[in-house]
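Here is the naming used below: chain letters follow the sequence lines, and residue numbers restart at 1 for every chain. Predicted model, so just to flag it, every value in this text is computed and none were measured.
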Protein chains: 2
Amino acid sequence: MNNLEPTLFDSYRDLYRPYVNAVNNRLAKHQLYTSQWVVLRLISIKESCTLAELAKETRVEKPSVTRIIQKLMELGYVEIKQGEDKREKYVQLTERGAEVYASLQLELSSFFNELTVGIDSEDLETTRVVLNQILQKLLS
Amino acid sequence: MNNLEPTLFDSYRDLYRPYVNAVNNRLAKHQLYTSQWVVLRLISIKESCTLAELAKETRVEKPSVTRIIQKLMELGYVEIKQGEDKREKYVQLTERGAEVYASLQLELSSFFNELTVGIDSEDLETTRVVLNQILQKLLS
DNA sequence: AATAGATAGTTACCCTAACTAACTATTTTA
DNA sequence: TAAAATAGTTAGTTAGGGTAACTATCTATT
């Protein structure tokens, strides 16, 4: 057999599907998927922002953002306000959206804690930093 | 604004698309995608194995493996031998497949080195271990 | 002030990467 | 030997994302 030991990047990729599926299971009670969750989270953090900003920050193309926002509006979790610049649409959470966000935020935090229980917190921080460094390199 | 700092899991997910796209770009010259690459790599490591083994080790359902193997056969990178148990099919690399694998393996290694240049190698190892620990927790 | 170019968002259509359900062909087991 | 299990396939579905081409509006240049 060749060169067996999995590298950092093998481990990285191995984790992806199980991780996303586990998160999706938890989001399902509010009819959400991770892609929508990421956007909902960003809207909550920024309080109000345009679709173009969402596209830029999530690094997802505008048509994908449009679709996600349409879904979040259908679910009643976000609402849209016309910008002063009439091309722009500002998105913000509805009351219901804020509730759902808060509830899922709690649940996911506790899930993430479970997943990392017993792991040295310095090591977790190192991991976070390393993943960010790789992302920065990739984007540069 | 709320609770801004991205967590380990935010960083983990942020990296995924840019990473997969970058890898896919490099695989494209041999008409491959990461999902197929993962399977090609496993076949190379195991030298010969059944579709069921591939499904189990990649944690992908059998129909997905069937499709990937069909594609790899079309490309002439793998071939199939009937098992003694007539239900089984053993997959192995063709000569061409072995060449392509070796060439891409080199190129990807060097790409991964670029992505991690300047990062402490202990920190890289810590990251690898932490990602594995999280995966194990997720699967348990 | 008019027009050419840039920007915000949408629509239509495409692709990868997976999934489940239901099937056939074999092999194992009770 | 009949029932259950296993290997693989086919058909159909979904999430998640992309590109091309469009409309509407705004900005900048002549």
Side-chain angles (χ1 to χ4, degrees), chain A residues 13-28 30-40 42-43 48-75 78 80-91, chain B residues 13-28 30-40 42-43 48-75 78 80-91:
Chain A
R13 196 187 188 279
D14 274 4
L15 178 55
Y16 189 71
R17 279 270 136 203
Y19 166 72
V20 167
N21 289 338
V23 173
N24 280 346
N25 283 341
R26 281 157 180 85
L27 296 176
H30 297 291
Q31 291 128 278
L32 289 171
Y33 292 93
T34 45
S35 58
Q36 296 151 6
W37 172 250
V38 167
V39 170
L40 196 70
L42 196 50
I43 295 168
S48 174
C49 64
T50 65
L51 303 212
E53 278 180 85
L54 291 172
K56 195 174 174 194
E57 297 215 17
T58 57
R59 285 182 290 274
V60 153
E61 295 301 318
K62 288 187 300 169
S64 305
V65 172
T66 294
R67 259 195 318 278
I68 290 168
I69 295 300
Q70 282 167 349
K71 184 65 187 176
L72 292 175
M73 282 178 61
E74 254 178 58
L75 291 168
V78 305
I80 285 212
K81 294 210 170 140
Q82 186 69 254
E84 202 165 308
D85 179 333
K86 280 180 191 155
R87 292 170 304 180
E88 292 180 333
K89 293 181 170 180
Y90 282 84
V91 197
Chain B
R13 194 184 191 279
D14 272 5
L15 178 55
Y16 189 73
R17 278 270 134 205
Y19 166 73
V20 167
N21 289 338
V23 172
N24 280 344
N25 283 341
R26 282 157 180 86
L27 296 176
H30 296 291
Q31 292 129 276
L32 289 171
Y33 291 93
T34 45
S35 58
Q36 296 152 7
W37 171 251
V38 166
V39 170
L40 197 70
L42 196 50
I43 295 168
S48 175
C49 64
T50 65
L51 303 213
E53 279 180 83
L54 291 172
K56 194 175 174 194
E57 297 215 17
T58 58
R59 285 183 289 274
V60 152
E61 294 302 317
K62 290 185 301 170
S64 307
V65 172
T66 293
R67 252 197 324 283
I68 289 169
I69 295 301
Q70 283 167 348
K71 183 66 184 175
L72 291 175
M73 282 179 60
E74 254 178 57
L75 292 168
V78 305
I80 283 208
K81 293 208 171 140
Q82 186 68 256
E84 204 166 303
D85 180 333
K86 279 178 190 157
R87 292 169 304 180
E88 292 180 335
K89 294 181 170 181
Y90 281 84
V91 197

*From the options dA17(C), dT10(C), dG8(D), select the nucleotide whose nearest atom is closest to the side chain of Thr50(B).*
dG8(D)
_If I take atom CG in residue Leu32(A) and atom P in nucleotide dT14(D), what distance separates them, rounded to the nearest angstrom?_
17 Å
*asked:* Once you apply a heavy-atom cut-off of 4.0 Å, does Lys62(B) come out as touching a base, just sugar-phosphate, or nothing?
replied: base
*How do Pro63(A) and Arg17(A) order along DNA chain C: which one's closest nucleotide is nearer the 5' end?*
Pro63(A)
*Rounded to the nearest Å, what distance is computed from the CG atom of residue Leu27(A) to the C1' atom of nucleotide dG16(D)?*
14 Å
_For dA17(C) and Lys71(B) - does any side-chain N or O of the residue sit under 4.0 Å from the phosphate oxygens OP1/OP2?_
no
*Between C1' of dG8(D) and CD1 of Ile69(B), the distance in whole Å*: 12 Å
_Side-chain ion pair, Glu74(B) and Lys71(B), N-O less than 4.0 Å_ = yes
*Which one, dA11(D), dT11(C), dA7(D), comes nearest to the side chain of Glu88(B)?*
dA7(D)
*Answer whether the closest heavy-atom distance between the side chains of Val39(A) and Val65(A) falls below 4.5 Å.*
no
*Is the distance from OP1 or OP2 of dA15(D) to the nearest side-chain N or O of Ser35(A) less than 4.0 Å?*
no
*From dA7(D), dT9(D), dT19(D), pick the nucleotide closest to the side chain of Leu51(B)?*
dT9(D)
*asked:* As a test of reading the structure: which of dC15(C), dA18(C), dG16(D) is closest to the side chain of Tyr33(B), going by heavy atoms?
replied: dC15(C)
*Nearest to the side chain of Thr34(B) - dA17(C), dG17(D), dG8(D)?*
dA17(C)
*Minimum-distance nucleotide (side-chain atoms of Arg87(B) versus dA18(C), dT7(C), dA5(D))*: dA5(D)
*Rounded distance [0.5 Å steps], NZ in Lys62(B) versus CG in Leu54(B)*: 13.0 Å
_Protein-nucleotide distance (Ile80(B), atom CD1; dT9(D), atom P), rounded to Å_ = 6 Å
*asked:* Does Val60(B) reach a base, just sugar-phosphate, or nothing at all? Heavy atoms under 4.0 Å.
replied: sugar-phosphate
_dT10(D), OP1 or OP2 - any side-chain N/O from Gln70(B) closer than 4.0 Å?_
yes
*asked:* Nearest whole Å is fine: how far is dA18(C) C1' from Tyr16(A) OH?
replied: 12 Å
*Check every strand shown and say whether Glu84(B) touches a base, only sugar-phosphate, or nothing at a heavy-atom separation below 4.0 Å.*
sugar-phosphate
*May I ask you to evaluate whether Asn24(A) reaches the phosphate of dG16(D), defined as a side-chain N or O under 4.0 Å from OP1 or OP2?*
yes
*For the atom pair CG (Leu75(A)) and CG (Leu32(A)), what is the distance rounded to the nearest 0.5 Å?*
6.0 Å
_Minimum-distance nucleotide to Arg13(A) side chain [options: dG16(D), dC19(C), dA18(C)]_ = dA18(C)
*Kindly give the heavy-atom pair with the smallest separation between Tyr33(A) and Leu27(A), and that separation in Å.*
C-CD1, 3.5 Å
*May I ask you to verify whether the side chain of Arg67(B) and the base of dA17(C) hold a donor-acceptor pair under 3.5 Å?*
no
*Check whether any side-chain nitrogen or oxygen of Ser64(B) sits under 4.0 Å from OP1 or OP2 of dA18(C), and answer yes or no.*
no
